[in-house]
Amino acid sequence: MSLRTIPVNQLTHEEALLELKLLKEELSRSDIAYYQKDAPFLQDWEYDELKRRNDAIEKRFPDLILKDSPSFKVGASTAEGFSKVELKVPMLSLSNIFKKEDIIDFTERIRRYLNIPSSEELEFIAEPKIDGLSFSARYEKGHFVQGSTRGDGAIGEDITANLKTLADLPLLLKGSQIPDVIEIRGEVYMKKSDFFALNQIQEQEGKRLFANPRNAAAGSLRQLDPLITKKRKLSLFAYTYGEVSHISWTSQSEFLTLIKSWGVPVSLEIKACSTNTELMNYYTDMSEKRASLDYDIDGVVYKVNRLDYQKRLGFITRSPRWAIAHKFPAQQAQTRIKKIRIQVGRSGVLTPVADLEPINVGGVMVSHATLHNLDEIERKDIREGDTVIVQRAGDVIPQIVQVILDKRPQHTKPFEFPTTCPECGSLVEREPDEAAHYCTGGLFCPRQVVERLKHFVSKDALDIEGFGKKYIETFFEWGWLHSPIDIFYLKERHYQDLLKTDGWGIKSVSNLFDAIHKAQQSTPLDRFIFALGIRQIGQSSARLLAEQYQTIENLLEQVYKETAMEDLIHINSIGKQTAANIIYFFKEPHNKNLIQTLTQLIHIEPFKTKKQRTRLTGKTIVFTGSLETMTRSEAKSLALAAGAKVSGNVSSKTDFVICGKDAGSKEKLALKMNIPIISEKDFRNMLEII
Ligand code: IVH
């Protein structure tokens, strides 16, 4: 009988002690997996249950409470709410314009106000309008002391602890002309790439999906538990200031250059414009660039550059007269769902997709939107025939924001998920605790086979140039392709057939075979792993696996061993479920054969480590005290590998001091010199690749 099944009131003293130790271990492993590795292995209720059992045992045996018991951990999430911050210089908003012609009104109004004739130059700074949440970060003597949201403009919420978890925010400003007091203001946002990754995790865990990066940033920043904020990868750009003790700059451009030199992130897309045409061109350029930026913008902002002019212009109620936001057209629109259809992906996931009456959303025609999974459909109560609001955020696949219930036709029915695969008729399954439904047909399902083939040759996988999705579909239909192996026999078997095919000539045929040959001669291990299309293994996990195993031979040796599970979950960000998927994939006889053959057909390059950026890259650090989870020399080599300089002495050049147990004079000196002191746990976090 396992300890855990013994009721607490029947535990002996010895059993209780042993179990408290085991519980501490498991809860602490779970904390690390949850907060640091983004790969929880316990469900929330399981975690709570362990906590409750720990508390009950401690209550019965108070003499056994361990000095580092999990119950001593302060859960910041128990806080009642945010405390308030008074904003002495209010955080204002901007007036908006929507048409290019309005630019002329804006600049002429300013010229009239300042009495500047059109013959004289008047410079503006044009900036992207970041679609995030505004923040104010107060620095005193260069040290970050308080963070606030905008709140109602005069009173914000105290988000000091949350802002501190952002790698982008310098805790100490470094450089010249730093005022004694300065509130640096800007926007916290989530990168589109981080947003996709977050939603992928939310989806895998069956949690609520965020509609767009802005909502995700808001939901992540305004967390009572800063550890959640930390987990969610937020970024920031600064563009203005609030209270400041001394202003040494004379223009917006000087201000931006200065804060950049202090280590504060500023957008790279900022441009000085002196004429209406230049402002208009900036707007056009940014509308075109918008989709390719890794952050969402909802317009651009024009600001009078000279500070003395800004002062003279002043404010109209809640917005400055010297700046204006030129907004992009709305990215949302209303339309009707004609049908909900099910799309089958390469690993058998069934994704519901809404076919829409085509609609122009912010300049792009949209005719379908992803519905993600059944939970999402039920949560939003989406039905065929409904009128809905569709949203496009940057280059994100269009999504349905909400149903307009007033416009729902009579007699609509809630959507019923099919019980058999629409492509092959196999049974549909849903794994417990997963949001997705799967087709159980495997390689019997033609759609899964085709999608796997498309994935195999795609750009981030084997990168076989010229082997487009269309050709995979056609070759599959003609019976030329069944498995990835057939790709490498195409030349031998179908060279002549292909030459005779409409649309193919000597040149295109030999280009295709050259590209196949090129992939065969050299494919890096991480791309090969990604190409296999293992469930939940995207590009970054494939990279981590390649990094762990280095060569395909080693991977194939290790993955069948009994220790494989343990090895895999030790890889950062690979959870129990993903590890199980990996092992299952490699053990499955079809896959085993496939991989054996592929390794004979393709030269798979061992993994080459590239220098990766971490939050320690370029930083000078000092260790003091004894570390708990590693030796000093281990810590030093980890730091060096992460690109940090390790010094023996605390000086003005030191960026961080890592304090272990029983730290002595170095900690004191760091405190005196206001150098950030971080724990071993923080240090471990900072080793992560960014
Ligand atoms: S300047 C006193 N610049 O847009 C002027 N604001 O709709 C303060 N925003 O409240 C604002 N990017 O949260 C400025 N480059 C930028 C901006 C920006 C985004 C936000 C900011 C502001 C809102 C107004």
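Model, not experiment: these values are computed from the prediction. Order of appearance sets the numbers: ligands from 1, and atoms from 1 within every ligand.
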*Asks:* Does a donor on one side chain and an acceptor on the other come within less than 3.5 Å for Gln146 and Glu183?
*Replies:* no
*Asks:* So which protein heavy atom does atom 13 (O) of ligand 1 come closest to, and at what separation?
*Replies:*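 Looking at atom 13 (O) of ligand 1, the protein heavy atom closest to it is Glu187 OE1, 2.9 Å.
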*Asks:* What protein heavy atom sits nearest atom 21 (C) of ligand 1, and how far away is it?
*Replies:* Tyr239 OH, 3.0 Å
*Asks:* Quick test: of every protein heavy atom, which one is nearest to atom 3 (N) of ligand 1, and how far off is it to 0.1 Å?
*Replies:*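 Sorting protein heavy atoms by distance from atom 3 (N) of ligand 1 puts Lys303 NZ, 2.9 Å first.
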*Asks:* What's the shortest distance from atom 8 (C) of ligand 1 to any protein heavy atom, and which residue and atom give it?
*Replies:*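 Closest protein heavy atom to atom 8 (C) of ligand 1: Leu92 O, 4.2 Å.
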*Asks:* Phe106 vs Phe124 aromatic rings, parallel, tilted or perpendicular, using cut-offs 30° and 60°?
*Replies:* tilted
*Asks:* Examine ligand 1 and decide if any of its atoms is less than 4.0 Å from a heavy atom belonging to Ser319.
*Replies:* no
*Asks:* Just jot down the ligand 1 atoms closer than 4.0 angstrom to any heavy atom of Ser134, in number order.
*Replies:* 13 (O)
*Asks:* Have Thr160 and Asp158 got a donor and an acceptor in their side chains that come within less than 3.5 Å?
*Replies:* yes
*Asks:* Is ligand 1 under 4.0 Å from a heavy atom in the side chain of Val301, in the backbone, in both, or in neither?
*Replies:*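 For Val301, only side-chain atoms sit under 4.0 Å from ligand 1.
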*Asks:* Mind checking whether Glu127 contacts ligand 1 via backbone (N, CA, C, O), side chain (CB onward), both or neither, at a 4.0 Å heavy-atom cut-off?
*Replies:*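 Just the side chain.
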*Asks:* Write out the residue and atom name of the closest protein heavy atom to atom 22 (C) of ligand 1, then the distance separating them to 0.1 Å.
*Replies:* Arg150 NH1, 4.0 Å
*Asks:* When you measure from the heavy atoms of Ala325 to every atom of ligand 1, does any distance fall below 4.0 Å?
*Replies:*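 Judged by the 4.0 Å heavy-atom criterion, Ala325 does not count as contacting ligand 1.
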*Asks:* For the pair Asp355 and Lys338, find out whether any cationic side-chain nitrogen is under 4.0 Å from an anionic carboxylate oxygen.
*Replies:* no
*Asks:* Quick one: do Arg290 and Glu288 make a salt bridge, cutoff under 4.0 Å?
*Replies:* no
*Asks:* Do Gln177 and Ser248 meet the criterion of a side-chain donor-acceptor pair at a distance under 3.5 Å?
*Replies:*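 Note: Gln177 and Ser248 side chains meet the donor-acceptor criterion.
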*Asks:* At what distance is the nearest protein heavy atom to atom 24 (C) of ligand 1, and which residue and atom is it?
*Replies:*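 Going by distance alone, atom 24 (C) of ligand 1 is nearest to Leu94 N, 3.6 Å.
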*Asks:* Any luck finding a side-chain donor-acceptor pair between Glu157 and Thr149 under 3.5 Å?
*Replies:* yes
*Asks:* Quick one: do Asp294 and Lys191 make a salt bridge, cutoff under 4.0 Å?
*Replies:*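 The answer is no: the pair does not qualify as a salt bridge.
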*Asks:* With nothing but distance in play, are any N or O atoms of Ser93 less than 3.5 Å from an N or O of ligand 1?
*Replies:* no
*Asks:* What about Phe315: any of its N or O atoms under 3.5 Å from an N or O on ligand 1?
*Replies:* no
*Asks:* Any N/O of Pro320 closer than 3.5 Å to an N/O of ligand 1?
*Replies:* no
*Asks:* Taking NZ, NE, NH1 and NH2 as the nitrogens, is one of them in Arg138 or Glu243 under 4.0 Å from a carboxylate oxygen of the other?
*Replies:*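 Salt bridge between Arg138 and Glu243, a charged N being under 4.0 Å from a carboxylate O: yes.
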*Asks:* Between Thr240 and ligand 1, is there a nitrogen or oxygen pair with a distance under 3.5 Å?
*Replies:*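 Looking only at distances, the answer is no, because the N/O contact criterion of under 3.5 Å is not met.
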*Asks:* To check your reading of the model: name the closest protein heavy atom to atom 12 (N) of ligand 1, its residue, and the distance in Å.
*Replies:* Ile130 N, 3.0 Å
*Asks:* Does Asp375 come within less than 4.0 Å of Lys380, counting only side-chain N to carboxylate O?
*Replies:*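 Looking at Lys380 together with Asp375, the answer is no, because their closest N to O distance does not fall below 4.0 Å.
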*Asks:* Under 30°, 30 to 60°, or over 60°: which ring-plane class applies to Tyr295 and Tyr189, parallel, tilted or perpendicular?
*Replies:* tilted
*Asks:* Considering only protein heavy atoms, which is closest to atom 23 (C) of ligand 1, and at what distance to one decimal place?
*Replies:* Lys129 NZ, 3.8 Å
